[in-house]
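Structure record follows, encoded as structure tokens.
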Amino acid sequence: MLTKAPRGTRDILPAEAERWSFVEKQAAEVCRLFGYAEIRTPVFEHTELFLRGVGEVTDIVAKEMYTFKDRGGRSVTLRPEGTAPVVRAFLEHGLAAEAQPLKVYYTGPMFRYDRPQAGRYRQFHQFGVEVFGANDPTVDAEVMVLALTFFRRLGLSRFSLHINSVGCPACREATRFKLRTYLAASLAQFCPDCVGRYDKNPLRIMDCKVEKCRELTDGAPVMLDNLCSPCAEHFREVREALAVLGEQYVVDSRLVRGLDYYTRTAFEIVSPALGPQSLCGGGRYDHLLKTIGGPDLPGIGFAVGMERTLLAMEAAGTNPSAAGRLEVFVATAGSVPGWEALKTVTELRLCGMAADKDYLGRGLRAQLKSADRKGAKLLVILGDEELARGQAVVRDMHSGTQETVSRLDLPVRLACLLRED
RNA sequence: GUGGGUGUAGCUCAGGUGGUUAGAGCACCAGAUUGUGGCUCUGGGGGCCGUGGGUUCAAGUCCCAUCAUCCACCCCA
């Protein structure tokens, strides 16, 4: 136990961390292009924030939160999602007073006490964006395109965008009533989960994966067909905007997202590599700010699963690992003391070159092997004879050619050789 | 939370119906090459056989539990 990471958590070792940095960098760059500024919030919040924000009947709140009392007796919760904390920060700092709309993004760990499996962890990471203060359908389209652009920059192409509208509180309540009436007669034939959903959230019955339930709901009233006219118009304009941008999408009238706060637009990006797990999920939440005690401002956002994104990249064979970051390896030969190499690598490092050396007192042969494995482009050998003449040997690790250079000229010569590469 | 599969070296895996000091490949270290990497050859270090209990003269092997992991659900990123 002592040497094992807790269930559902994992270490990201150096080789993999490189891929993470790449993905995070792409996220930051896409956000810059789209005009989204970074925001960082704490990893834990007052428990009430999630109870109110995410919704008490959601699975996340009902059974997946890491909640505990701190030493002062306050109930705090490791954030299970990113939207509620960002909304909280927005309200706390009065950002509503600034230029509208506010567009922000975040990356970081989230926590849910779930049963782990491939692509699902108890500590997982999300990249997400939020826009506050804009109702316009072009914003809905923009955030979707932002997500799609992000995935494309990572070299992914086999994914698809699914969209739906879950309406506003008014038309949703009307549809709930219709749906309950429709289902009442056949309720006994549904799976136990769906029977439970009948009271809590009948719309989610439409999203059940059980074949029998799907058949039973085939002719059921669907949210999409029962939108009030403002919601229907909004959805039409979202689709129009996507069409204008040339984005393919699938309207999935059964798509219902699990968080209570969604209104109108709901969307998911799925990849065949991940099966039923989605790569990205998001939607509009026009009343969340008010629910949390703020002004009645609309909002929209999405969250991308970083682990799932990495899995999809692996499946697609897109491996951006830039191995061989090391530029110069400095070796010593004969009786040359280790501090000569230390002096040289330090000098090279201060000149802006990635330089490294041996630390185990190994022989020249082993040092070359080490340099090779680290991917060094150039090798400097400090030997007795050369040092006596104030020189050093420079070897090109790729071609194997060598030259003797004055130690004083070493940084300049190495820099030149690296530039030619 | 439900159902199922799997846990042997850092990694991928062998170890018929229980039977001596548990193996291979890759990786790592060293030597062959006393100052030159990749290829080759030789040698070496590494294992509470996931953990705990049980059956037995004897358990990596059989039984139970537990933990971990994977898959399918639930749900979600």
Side-chain angles (χ1 to χ4, degrees), chain A residues 1-10 13 15 54 57-64 79-83 107-128 147 191-194 196-197 201 204 207-211 213 255-259 268-271 274-282 301-312 329 331-336 358 360-387 392-402:
Chain A
M1 282 297 104
L2 215 52
T3 56
K4 201 146 181 36
R7 181 167 206 199
T9 69
R10 53 189 222 106
L13 303 177
V54 178
V57 300
T58 59
D59 276 25
I60 292 178
V61 171
K63 57 184 196 188
E64 295 174 3
R79 62 181 184 195
E81 57 102 48
T83 301
T107 35
M110 305 293 163
F111 306 84
R112 288 183 204 172
Y113 191 85
D114 238 353
R115 184 145 170 185
Q117 64 180 65
R120 187 162 77 197
Y121 304 90
R122 289 184 173 181
Q123 175 176 338
F124 60 102
H125 300 76
Q126 289 185 334
F127 152 50
C191 72
D193 286 321
C194 284
R197 288 174 183 138
N201 187 354
R204 218 184 294 177
D207 204 27
C208 186
K209 272 84 180 175
V210 177
E211 196 58 41
C213 298
L255 176 62
V256 176
R257 304 205 41 76
L259 283 67
E268 274 183 7
I269 295 172
V270 298
S271 159
L274 297 174
Q277 295 182 337
S278 60
L279 216 46
C280 168
F302 67 71
V304 166
M306 296 288 277
E307 283 82 357
R308 290 178 185 181
T309 299
L310 271 301
L311 280 175
F329 190 96
T332 56
S335 60
V336 173
D358 170 63
L360 301 177
R362 288 189 278 211
L364 183 63
R365 177 187 154 77
Q367 292 183 67
L368 258 84
K369 200 170 179 181
S370 175
D372 185 46
R373 196 170 28 248
K374 286 169 187 281
K377 296 187 185 77
L378 300 173
L379 179 81
V380 171
I381 301 171
L382 304 173
D384 295 302
E385 292 170 30
E386 293 85 358
L387 277 188
V393 170
V394 173
R395 179 184 178 85
D396 182 311
M397 291 296 281
H398 184 65
S399 66
T401 56
Q402 297 191 175

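Chain letters run A, B, ... following the sequence lines, proteins first, then strands; residues in each count from 1.
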In the strands shown, is [N] matched to any nucleotide by a Watson-Crick or G-U wobble pair with both distances under 3.5 Å, and which?
N	value
B:A72	B:U2
B:C62	B:G54
B:U36	none
B:C28	B:G44
B:G16	none
B:C67	B:G7

Under 4.0 angstrom, heavy atoms only, what part of the nucleic acid is [X] near: base, sugar-phosphate, or nothing?
X	result
A:G119	base
A:Q367	nothing
A:G363	nothing
A:Y121	base
A:A371	nothing
A:R112	base
A:E81	nothing
A:I60	nothing
A:E385	base
A:G8	sugar-phosphate

Taking the [atom1] atom in each of [N] and [M], what is the distance between them to the nearest angstrom?
N	M	atom1	answer
B:A32	B:C71	C1'	49 Å
B:G53	B:G23	P	26 Å
B:C62	B:U8	P	15 Å
B:A27	B:U17	C1'	36 Å
B:G52	B:U12	P	23 Å
B:U61	B:A22	C1'	12 Å
B:C48	B:C28	C1'	23 Å
B:A30	B:C39	P	16 Å

From [X] [atom1] over to [Y] [atom2], what is the distance, rounded to the nearest 0.5 angstrom?
X	Y	atom1	atom2	answer
A:L368	A:I381	CG	CD1	6.0 Å
A:R308	A:Q126	CZ	CD	9.0 Å
A:H125	A:T309	NE2	OG1	12.5 Å

Worksheet item: So, is the end of the A:R122 side chain (NZ or CZ) under 6.0 Å from the ring centre of A:F111 and within 45° of the ring's axis?
Response: no
Practice prompt. State whether the distance check finds a donor on one side and an acceptor on the other, under 3.5 Å, for side chain A:Q117 versus base B:U69.
Written response: no
Worksheet entry | Flag for A:R362-A:Q367: side-chain donor and acceptor within less than 3.5 Å | no
Discussion item. Looking only at side-chain N and O atoms, does A:D396 offer a donor or acceptor that is under 3.5 Å from a partner on A:T401?
Written reply: no
Rounded interatomic separation in angstrom, taking [atom1] from [X] and [atom2] from [N]:
X	N	atom1	atom2	value
A:R373	B:G10	CZ	C1'	14 Å
A:K374	B:A27	NZ	P	17 Å
A:R122	B:C70	CZ	P	12 Å
A:L274	B:C70	CG	P	14 Å
A:L360	B:G45	CG	P	19 Å
A:K4	B:C67	NZ	P	14 Å
A:K369	B:C29	NZ	C1'	8 Å
A:E386	B:U36	CD	C1'	11 Å

Discussion item. Donor-acceptor check, side chain of A:R112 to backbone of A:E64, threshold 3.5 angstrom: yes or no?
Written reply: no
Worksheet entry | Donor-acceptor under 3.5 Å (A:R79 side chain, A:P109 main chain) | yes
Practice prompt. Hey, which sits more toward the 5' end of RNA chain B by its nearest nucleotide, A:Q126 or A:Y113?
Written response: A:Y113
Practice prompt. Could you check A:R120 against A:M306 and say which one's nearest nucleotide on RNA chain B is further toward the 5' end?
Written response: A:R120
Fill in: Closest to the A:V393 side chain, choosing from B:G35, B:G37, B:A30
B:G35
Worksheet, complete the sentence: Of B:U69, B:G38, B:U2, the nucleotide closest to the side chain of A:R115 is B:U2
Hey, is the side chain of [X] poking within less than 4.0 Å of OP1 or OP2 on [N], counting only N and O atoms?
X	N	value
A:R7	B:U69	yes
A:R10	B:U69	no
A:R365	B:C29	no
A:R395	B:U36	no

Worksheet item: Should A:R120 and A:D114 count as an ion pair when the cut-off is N to O under 4.0 Å?
Response: yes
